Protein chains: 2
Amino acid sequence: MVSLDEVARAAGVSSATASRALSGRGHVSAVTRNRVSEAAEALGYVVSSAASSLASGRSRSIGVITPDLHRWFFNSVLTGISDTLTRAGYDLTLYNVTSDPQLRREIFRAFLRRRRVDGVVVVALELDEWETEQLHGLGMPVVVLGGRPRELPGMAIDDQGVTRLAAEHLLTLGHREIGYIGGDQAFDVDYHVPTQRREGFNHALAARGCDPQQAPSGVADFTIPGGYAVAKKLFGTPGADLTGLVAASDEMAIGAMLAAKDLGIQVPQQVSVVGVDGHELGELFGLTTVDQHPVGQGRIAAEHILARVEGEGNGHTDLPFELVVRSSTAVAKKTAQSE
Amino acid sequence: MVSLDEVARAAGVSSATASRALSGRGHVSAVTRNRVSEAAEALGYVVSSAASSLASGRSRSIGVITPDLHRWFFNSVLTGISDTLTRAGYDLTLYNVTSDPQLRREIFRAFLRRRRVDGVVVVALELDEWETEQLHGLGMPVVVLGGRPRELPGMAIDDQGVTRLAAEHLLTLGHREIGYIGGDQAFDVDYHVPTQRREGFNHALAARGCDPQQAPSGVADFTIPGGYAVAKKLFGTPGADLTGLVAASDEMAIGAMLAAKDLGIQVPQQVSVVGVDGHELGELFGLTTVDQHPVGQGRIAAEHILARVEGEGNGHTDLPFELVVRSSTAVAKKTAQSE
DNA sequence: ACCATATATGGAAGCGTTTCCAGATGCCAA
DNA sequence: TTGGCATCTGGAAACGCTTCCATATATGGT
């Protein structure tokens with residue numbers, strides 16, 4: 001492996017100047033810079049990250065902590081982050097949090113503190129107090145995506161807004177008997193994504209004079225099988241003549257559509273379904289959804305952390321989302337019940 | 001951030017001894033080791049990866065190059081790798097190759113050569129000659145998962161074997177009119193996954209006296225929508241009375257099942273479908289598949305690269321796979337055509 | 001009792017950069 | 001011409017570890 005010294009020698013300058021020439025920091029004449037660049041190119045020189053980090057205190061790497069990579073939302077965000085970091089010349093150090101609590105603890109206790117990264121992006125994790133504390137103790141920029149933790153800068157969509165928008169869409173189409181599939185609020189340590197989304201749904205219904213407490217609803221794990229199981233129950237419940245269904249994730253919505261199909265219920269003729277996310281499979285299923293552009297979120301989060309690492313601080317950010325209407329929703333048929 | 005020197009001072013030893021005590025390399029008495037460990041614990045000391053790498057030449061980090069994180073197979077493998085590396089105390093540096101050829105090139109030209117990683121796992125990438133060369137030039141262990149590149153140690157399932165097994169399953173059930181959905185063999189630079197899988201299918205059919213050339217087949221991109229589109233054509237083709245279908249990935253198989261449902265074709269009563277992968281959604285759809293345990297593959301690849309990094313070399317490895325029979329396949333009904 | 005060997009420890013030399021500091025050079029204004 | 005300032009460059013000191021080497025002490029065989 002060629003070292004900076006060899007490049008400097010080849011270019012006839014000191015290693016100090018070579019370093020300045022290649023990093024762009026400090027004054028170097030144009031001629032010198034060119035000679036050094038050419039020498040570096042010719043020798044195939046690449047800076048040693050270890051030496052560079054040690055000397056400069058910056059590693060040009062960002063840590064990303066994510067849960068379950070199988071879930072489309074998370075791997076989409078990760079894709080966006082990765083793309084932006086690569087373009088900026090940064091490495092991405094991935095910490096995939098699994099269900100093993102000991103490993104999870106170790107990530108916060110040791111891995112993050114090795115100074116291998118200049119900043120951390122936390123993707124949609126429910127952080128407990130100790131973890132938040134550890135993150136603070138790192139003394140480096142941290143951005144939390146998909147949550148509004150107490151004391152860390154974060155970026156999130158308006159989690160009430162998305163489900164409110166979804167429900168309003170159905171209400172506007174004339175639906176009154178609307179069901180809901182959400183997440184388990186018991187695990188809501190801090191950010192309350194499941195709680196917020198339910199709230200948004202409730203508000204929308206209440207605003208139109210429907211009692212949200214009466215809405216048939218169920219709890220699932222945001223996955224297709226989860227949504228499928230709950231939807232089978234909801235659709236099968238006698239007396240609950242749902243004409244509309246809001247799911248807190250597209251995967252659950254897709255599960256619900258599959259359940260409807262298996263039960264011989266037609267979408268959207270008999271029941272309209274709306275999801276939240278903007279899942280890539282939404283198109284295939286014709287799913288109407290509130291798209292929250294997860295890849296874009298990853299990009300924004302990455303840009304944000306890079307800015308923070310480079311000194312330009314800023315705080316909370318709201319992320320955009322939009323309703324994408326496809327064929328899983330339609331105007332409600334007039335029935336006896338509807339006013 | 002507390003340094004090793006402070007720990008050493010607190011424990012009343014030299015930094016050399018402290019280093020040995022914490023790393024476990026070299027001779028340290030039990031008492032000393034304990035005192036140092038306690039001091040480190042008390043001070044919350046964590047080694048600086050940069051300093052450690054620079055001094056030792058090892059970074060305790062493994063690079064992973066993967067394509068499209070949206071595809072279940074890849075994020076499953078990544079999950080397995082991540083889990084194993086974390087348990088071993090290694091970091092994972094993720095290089096997600098996108099469709100941008102310039103970024104891809106940059107990963108091989110610069111990113112990997114910063115000596116940030118001790119070894120590289122390449123997941124199912126078609127490497128061109130230059131890329132292979134770069135990988136060699138790294139002078140560090142490389143493992144290629146899901147492919148048998150010319151000159152790099154790799155691990156792969158028997159790609160002919162999986163589709164042969166899938167096809168044999170259908171043949172054994174009495175099917176004779178079997179279709180196939182595979183990948184585009186034009187992109188087959190090196191590893192020939194699409195080609196190998198097609199070969200396996202062909203061999204199985206030929207062995208039972210069916211002409212594989214006659215088998216109705218189509219090409220897709222291994223995704224659900226891709227499989228859906230091709231299957232719609234295959235099922236809709238007049239004259240081709242398929243009773244069985246082999247797909248080279250579970251996602252395409254699931255797409256095919258959805259297409260069948262939309263066309264009013266019953267699975268498995270009218271057509272049996274087999275996939276390859278072991279996709280988590282297989283259970284929901286009752287998909288019969290050849291499970292290749294992707295998470296396990298990730299684990300094996302990670303263990304392999306760790307062994308190599310630590311010096312214990314070894315070569316190619318075959319990976320296990322197995323037929324998982326669910327409800328998407330059934331005995332073929334006797335028809336006029338069947339012998 | 002003594003030498004050979006194994007075990008423990010500290011001093012100090014790196015590892016390959018970055019960056020501070022000081023000196024050199026060039027240019028412009030007075 | 002000369003002082004003053006900005007620009008350029010090199011020497012050398014970090015950065016925080018690991019590890020070689022030398023020294024010191026314990027262990028065991030004869």
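Just so we're clear, the structure is a prediction, and the values are computed from it rather than from any experiment. Letters A, B, ... mirror the listed sequences (proteins, then strands); counts begin at 1.
The nearest whole Å value for the distance from the CZ atom in R58(A) to the C1' atom in dG16(D) is 17 Å. Between the P atom of dT18(C) and the CG atom of D5(A) lies a distance of 11 Å, rounded to the nearest Å. One atom, CZ of R116(B), and another, P of dC15(C), lie 21 Å apart when rounded to the nearest Å. Remark: C1' of dC15(C) and CG of L4(B) are 16 Å apart, rounded to the nearest angstrom. The nearest whole Å value for the distance from the CZ atom in R9(A) to the P atom in dT17(C) is 12 Å. We find that CZ of R20(B) is positioned 6 Å from C1' of dT9(C), with the value rounded to whole Å. In this structure, E6(B) places its CD atom 9 Å from P of dG16(D), rounding to the nearest Å. Atom CZ in R60(B) sits about 15 Å away from atom P in dC17(D), given to the nearest Å.
For the pair S19(A) and dT17(C), the criterion of a side-chain N or O lying under 4.0 Å from OP1 or OP2 is not met. Note on S52(B): a side-chain N or O is less than 4.0 Å away from OP1 or OP2 of dT18(D).
At the heavy-atom level, S3(A) lies under 4.0 Å from the strands shown only through sugar-phosphate atoms. S56(A) comes within 4.0 angstrom of the backbone, heavy atoms only, and of no base. Note on T32(A): only backbone sugar-phosphate atoms sit closer than 4.0 angstrom, heavy atoms only; bases stay farther off.
Screening I81(B), L85(B), T84(B) for a side-chain contact (heavy atoms from CB on, under 4.5 Å) involving E303(B) leaves a single residue, T84(B).
Between dG11(C), dT19(C), dG16(C), one nucleotide has an atom nearer to the side chain of S48(A) than all others, and that is dG16(C). In this structure, of dT18(C), dT9(C), dC17(D), it is dT9(C) that holds the atom nearest to the side chain of T17(B). Set against dG10(C), dG10(D), dT17(C), the side chain of S14(A) has dG10(D) as its closest nucleotide. In this structure, the nucleotide among dG16(D), dG16(C), dG10(C) sitting nearest to the side chain of V13(B) is dG10(C). In the set dC17(D), dT9(C), dT18(C), the nucleotide with an atom closest to the side chain of H27(B) is dT9(C). Residue S29(B) places its side chain closer to dT9(C) than to any other of dT9(C), dG11(D), dC17(D).
The aromatic rings of Y95(A) and F111(A) sit perpendicular to each other, their planes meeting at more than 60°, with 30° as the lower class boundary.
With hydrogens and angles left out, the side-chain atoms of T79(A) and S82(A) include no donor and acceptor closer than 3.5 Å. A donor and an acceptor atom, one from each side chain of S49(A) and S52(A), are nowhere located under 3.5 Å apart. A side-chain donor from one of S14(A) and T17(A) sits under 3.5 Å from a side-chain acceptor of the other.
The nearest heavy atom of DNA chain C to R25(A) and to L54(B) marks one nucleotide each, and the one closer to the 5' end goes with L54(B). For the pair R115(B) and G12(B), nearest-nucleotide mapping onto DNA chain C gives the more 5' position to G12(B).
Salt bridge annotation for D91(A)-R116(B): present, with a cationic side-chain nitrogen under 4.0 angstrom from a carboxylate oxygen.
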